[in-house]
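Both counts, for ligands and for their atoms, begin at 1 and track the order of listing. The residues of the chain are indexed from 1 along the displayed sequence. Values below: all heavy atoms of this structure, side chains included; hydrogens, waters and symmetry mates excluded. The structure displayed is predicted, hence computed values, not measured ones.
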Amino acid sequence: MIESYRNKCALLLANQGKEKKLSQTEQGKKPLIVIASNRGPFSFTANKNKTFTPSRGEGGLVTALWSLAEKHDVVWVSSAMDRGDRAWTNHVNGKVQNIENISMKMIAHDKWKYNAYYNVISNPLLWFIQHQLWDIPRNPSITEETWKAWNEGYVPINKAFATAISEIIEDTSRPIIILPQDYHLYLVPHFLRQMIGWDVQIQPFVHIPWPGPDAWRILPGSIRDGILNGLLASDRIGFQTKKDAFNFVQTCRFYLSHTSSRGTRDTIYVKDRPVKAVNYPISVDVEKLTQLQDTAQNQLEKNQMMNIIQDRKLILRVDRIEPSKNIVRGLRAYRTLLENHPEHRGKVQMLALLVPSRIGVDEYQNYLHDIMAEGGMINAEFSEQLWEPVRIVVGHNYQRAIAAMELYDVLVVNPIADGMNLVAKEGAFVNQRDGVLVLSEHAGAFYELGDYAISVSPFDIHGTAEMIHRALTMPSEERKKRADALRELVQAADVKMWFGSQVEDALAESKSMAKKAATSPTPSTR
Ligand code: ADQ
């Protein structure tokens with residue numbers, strides 16, 4: 001697995017060189033890349049004197065795309081997420097603006113529609129389906145509210161994105177590549193075809209897992225088919241892993257009678273038009289991480305961290321507060337470790353750096369309570385003198401997270417399902433203690449890093465405890481060998497390669513693009 005991945009890295013490096021040449025030599029025909037994502041690169045705070053203070057957005061997608069938007073001819077279209085964003089959007093009349101070298105445009109949606117699209121359909125319905133988090137004998141139920149949220153929220157907001165994108169595109173003689181990101185925007189390719197036709201490359205990327213056909217039976221047929229047909233208006237669809245791409249092909253085959261795979265695992269034919277399902281594993285920005293590690297702030301954070309850790313071994317986790325990240329079972333595994341291996345008591349420190357997320361959704365609020373309760377129980381049971389076995393630090397501080405990743409002896413990444421998981425890659429790259437990565441076999445990162453991590457089943461609390469024990473007691477030579485290999489793997493395929501290979505594929509395709517037939521079926525509404 002690792003060998004073939006290395007070969008792919010070498011190929012991508014070669015391709016990246018080619019892409020650079022194209023952009024630099026074809027002056028005036030430099031491709032325009034439009035990124036569309038729900039969350040943008042900045043959020044805005046309105047000041048009293050009618051000025052606005054931008055601050056960098058959070059989350060894996062923003063982290064991944066940040067540096068790329070600085071270096072390519074990119075316009076980034078996103079939603080105004082709150083009052084500050086809305087005020088800024090109105091202030092600039094919804095026009096494209098350059099903020100700290102990033103061209104961006106925000107859409108201020110109707111509040112009810114946005115809530116329906118975001119808090120009823122995208123999160124939780126689609127997110128929960130794709131991470132298979134539903135407790136299906138009880139939840140979800142597709143109610144009148146769901147239907148209304150689909151018809152009057154998700155569908156029109158996707159259309160609004162397509163409209164905003166189409167307004168940016170004036171000159172179609174240059175190559176145009178449109179990259180809609182993630183599960184919020186599944187219908188954008190379909191609406192774009194209606195608005196601007198087939199002279200542009202549309203290539204969505206799905207950041208989260210794509211489960212097989214069975215998981216999609218939760219959705220009523222017309223919504224499910226609407227999503228599939230919406231995506232199938234693309235030229236190519238990017239997924240994190242080959243498994244996700246394969247699952248997408250199978251899902252289309254299973255539900256849509258006008259599609260077939262013609263015996264392939266990575267192409268779905270809409271009548272005769274092929275749509276490729278390609279894996280582009282996302283990664284971290286190695287250059288930016290290296291710069292971050294060189295700052296005085298990093299040293300300060302590490303010093304503060306050392307006051308907590310002292311001479312103990314650090315068991316770290318860094319996550320959004322998110323049920324799919326499996327934080328509660330991770331804590332239970334730590335409790336089991338302390339129960340079954342008392343020799344570690346007082347000699348290890350678990351640190352959970354957690355960033356609040358989607359706190360307006362009930363499941364997320366309840367999950368935060370469960371985490372704090374489990375942490376409290378562990379501390380109540382095992383604290384000795386001034387040793388607190390678990391520290392849970394809630395808040396968003398990327399510098400602190402990176403500093404902690406440099407210091408871990410064991411990094412626990414045990415999601416139930418995860419598209420990739422950037423923490424696994426960030427940790428592998430920045431860690432300075434030959435730390436061991438304990439990694440869920442259901443994280444996308446497992447397909448690249450699995451050979452040098454210690455794998456766990458996310459449901460197996462006992463097994464996870466035993467694997468943390470194994471990591472804590474691993475001989476130093478083996479730790480070093482694994483840590484070196486992990487660092488090398490991350491370094492060889494960073495986020496620029498992820499982006500570069502998508503752009504390269506789209507550019508190659510744009511040459512034969514005119515031949516494509518316009519055969520995009522309409523997403524159905526009730
Ligand atoms: P996320 O689910 O947000 O992303 P992940 O890939 O782990 O998950 O990225 C989270 C980012 O936020 C990382 O850069 C991490 O360092 C940072 N972060 C997390 N907790 C933090 C904390 N407490 N403090 C500071 N920073 C923190 C989605 C998918 C993933 C996929 C990414 C990118 O769910 O599977 O890897 O998109 O495609």
Side-chain angles (χ1 to χ4, degrees), residues 35 37-39 56-68 122-123 126-128 130-133 179 181-184 204-210 238-241 243-244 279-286 288-289 292-293 297-298 301 305 316-327 330 351-358 364 368 371 391-406 408 411-431 437 439-440 442-449 458 490 494-495 498-499 502:
I35 296 171
S37 64
N38 184 54
R39 189 183 290 276
R56 188 190 143 162
E58 41 190 74
L61 170 57
V62 174
T63 305
L65 294 177
W66 180 264
S67 66
L68 309 164
S122 304
N123 315 315
L126 297 178
W127 177 277
F128 270 49
Q130 293 194 236
H131 290 84
Q132 301 192 63
L133 296 173
L179 306 171
Q181 303 295 306
D182 235 352
Y183 57 101
H184 311 92
F205 184 81
V206 180
H207 288 255
I208 64 175
W210 192 282
F239 295 91
Q240 300 275 23
T241 68
K243 183 177 162 207
D244 298 313
N279 67 310
Y280 300 104
I282 201 167
S283 192
V284 296
D285 185 344
V286 160
K288 263 221 158 98
L289 280 175
L292 266 184
Q293 287 185 279
Q297 180 67 21
N298 175 271
E301 297 286 354
M305 206 78 67
L316 179 70
R317 67 176 310 133
V318 179
D319 297 282
R320 274 190 309 109
I321 297 171
E322 156 62 58
S324 65
K325 302 291 181 187
N326 210 19
I327 301 163
L351 183 61
L353 301 182
L354 305 179
V355 63
S357 170
R358 299 174 198 166
Y364 287 72
L368 174 56
I371 291 166
R391 288 282 190 108
I392 299 176
V393 181
V394 176
H396 186 257
N397 180 340
Y398 191 62
Q399 277 276 7
R400 181 172 62 200
I402 296 302
M405 289 184 214
E406 287 184 34
Y408 69 75
L411 178 65
V412 179
V413 178
N414 66 325
I416 291 167
D418 216 333
M420 179 54 62
N421 194 293
L422 291 175
V423 173
K425 291 189 171 183
E426 287 163 338
F429 181 69
V430 302
N431 183 260
L437 174 62
L439 183 60
S440 161
H442 299 303
F446 184 79
Y447 292 85
E448 292 163 82
L449 307 182
V490 175
D494 92 337
V495 73
W498 170 73
F499 193 69
Q502 287 178 72

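- Of all atoms in ligand 1, numbered sequentially from 1 with element shown, those under 4.0 Å from a heavy atom of N397 are 24 (N), 25 (C).
- Taking only nitrogen or oxygen atoms, main chain and side chain alike, V318 does not reach within less than 3.5 Å of ligand 1.
- If you number the atoms of ligand 1 from 1 as listed, the ones under 4.0 Å from a heavy atom of E426 come out as 13 (C), 14 (O), 15 (C), 16 (O).
- Against a heavy-atom cut-off of under 4.0 Å, R320 is close to the following atoms of ligand 1: 1 (P), 2 (O), 3 (O), 20 (N).
- By the side chain to side chain donor-acceptor pair (under 3.5 Å) test, R400 pairs with no residue at all, sequence neighbours left out.
- Residue contacts with ligand 1, taken as heavy atom pairs separated by less than 4.0 Å, involve D319 solely via the backbone atoms N, CA, C and O.
- Every N/O-N/O distance between H131 and ligand 1 stays at or above 3.5 Å.
- The distance criterion of under 3.5 Å between nitrogen or oxygen atoms is not met by M405 with respect to ligand 1.
- Ring geometry for Y280 against F205 counts as tilted: the plane angle lies between 30° and 60°, on a 0 to 90° scale.
- Here the side chain of D244 pairs no donor or acceptor atom with the backbone of G419 at under 3.5 angstrom.
- Considering each of K325, H396, R317, H207, the one bringing a non-hydrogen atom nearest atom 8 (O) of ligand 1 is K325.
- Atom 26 (N) of ligand 1 has its nearest heavy-atom neighbour, among W127, Y398, Y183, in Y398.
- In terms of heavy-atom proximity, G395 sits nearest to P356 at N-CD, 4.0 Å.
- Within the 4.0 Å heavy-atom criterion, the part of L354 lying near ligand 1 is the backbone and not the side chain.
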- Task: Step by step, work out the side-chain contact (heavy atoms from CB on, under 4.5 Å) result for I208 and H131.
- Result: CA-CA 8 Å; I208 64 175; H131 290 84; 3.6 Å; yes
- Query: Checking side-chain contact (heavy atoms from CB on, under 4.5 Å) for the pair N123/Y183: CA distance, chi angles, key distance, verdict?
  - Reply: CA-CA 9 Å; N123 315 315; Y183 57 101; 2.7 Å; yes
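- Atoms of ligand 1 found under 4.0 Å from any heavy atom of I282 (numbered from 1 in listed order, with element): 33 (C), 38 (O).
- Among residues two or more places apart in sequence or in another chain, the salt bridge (charged side-chain N to carboxylate O under 4.0 Å, His left out) test is passed with D319 by R317.
- Less than 4.0 angstrom separates some heavy atom of G419 from each of these atoms of ligand 1: 35 (O).
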- Task: Please step through side-chain contact (heavy atoms from CB on, under 4.5 Å) for the pair N397 and L353, ending with a clear verdict.
- Result: CA-CA 9 Å; N397 180 340; L353 301 182; over 6 Å; no
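- Residue L422 places at least one N or O, backbone or side chain, under 3.5 Å from an N or O of ligand 1.
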- Message: Between E406 and M305, is the side-chain contact (heavy atoms from CB on, under 4.5 Å) condition met? List the steps.
- Response: CA-CA 11 Å; E406 287 184 34; M305 206 78 67; over 6 Å; no
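- A donor-acceptor contact shorter than 3.5 Å is absent between the side chain of E301 and the backbone of A404.
- Listed by atom number, the atoms of ligand 1 under 4.0 Å from G395 heavy atoms are 23 (N), 24 (N).
- Distances shorter than 4.0 angstrom occur between a heavy atom of Q240 and an atom of ligand 1.
- Every atom of ligand 1 is numbered from 1 in the order shown, and the set under 4.0 Å from a heavy atom of L353 is 23 (N).
- In this structure a side-chain-to-backbone donor-acceptor pair under 3.5 Å is present from Q293 to V430.
- Remark: distances from the non-hydrogen atoms of A443 to ligand 1 are all 4.0 Å or more.
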